[in-house]
Amino acid sequence: MPDQSPDLTVVPAPTLRRLPRYLHTLQVLRQRGREVVSANHIADDLKLDPTQVRKDLAYTGLAGRPKVGYSTEELITAIETFL
């Protein structure tokens with residue numbers, strides 16, 4: 001079975017353009033006290049497809065937990081480190 005993990009050496013330009021938008025959204029959610037966030041929530045806020053959000057966030061190396069989502073703080077740190 002082929003490896004399905006993203007190639008971190010080739011990040012699509014659209015992903016690089018979306019990551020700062022995710023970061024801003026997460027920072028706002030953190031200010032509002034949100035400790036956990038799902039890809040669906042981010043997608044709804046930004047009017048994007050949740051599958052695309054998950055794929056984009058995979059480039060940060062942080063995996064969300066099914067039915068739970070991502071730690072807002074950890075995801076902010078992962079995106080900032082990646083960028």
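If you're wondering where the values come from, they're calculated on a predicted model, not measured in any experiment.
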Checklist line | All side chain to side chain contact (heavy atoms under 4.5 Å, CB included) counterparts of Pro12, not counting sequence neighbours | finding: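 Per chain and number, Pro12 pairs via side chain to side chain contact (heavy atoms under 4.5 Å, CB included) with Pro14, Thr15, Tyr59.
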Spacing of [atom1] belonging to [X] relative to [atom2] belonging to [Y], to within rounding of 0.5 Å:
X     : Y     : atom1 : atom2 : answer
Thr72 : Gln27 : OG1   : CD    : 11.5 Å
Ile42 : Leu57 : CD1   : CG    : 5.5 Å
Ile76 : Leu62 : CD1   : CG    : 11.5 Å

Less than 3.5 Å apart, which donor and acceptor atoms pair up between the side chains of residues 64-71 and the rest of the protein, not counting sequence neighbours?
from, atom 1, to, atom 2, distance (Å)
Ser71, OG, Glu74, N, 3.2

Check: Considering residues at least two apart in sequence or located in another chain, which fulfil the salt bridge (charged side-chain N to carboxylate O under 4.0 Å, His left out) criterion with Arg54?
Finding: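 With sequence neighbours excluded, Arg54 shows a salt bridge (charged side-chain N to carboxylate O under 4.0 Å, His left out) to no residue whatsoever.
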Checklist line | Heavy-atom pair of closest approach, residues Ile79 and Tyr22 | finding: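 The answer is CD1-CB, 4.0 Å.
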Note to self: Using every non-hydrogen atom in the two residues, find where Leu19 and Asp56 come nearest and quote the distance to one decimal.
What the structure shows: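 What the structure gives for the nearest pair is CD2-O, 4.1 Å.
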Check: Can you tell if the side chain of Phe82 reaches within under 4.5 Å of the side chain of Leu16, non-hydrogen atoms only?
Finding: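 Sidechains of Leu16 and Phe82: in contact.
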Next item on the list: Say whether, by atom type as modelled, one donor and one acceptor occur between the side chain of Thr81 and the main chain of Ala78 under 3.5 angstrom.
Entry: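 No, because the side chain of Thr81 does not come within donor-acceptor range (under 3.5 Å) of the backbone of Ala78.
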Checklist line | Residue pairs fulfilling salt bridge (charged side-chain N to carboxylate O under 4.0 Å, His left out) with at least one residue in residues 28-53, sequence neighbours excluded | finding: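 Sorted pair list: Arg30-Glu73.
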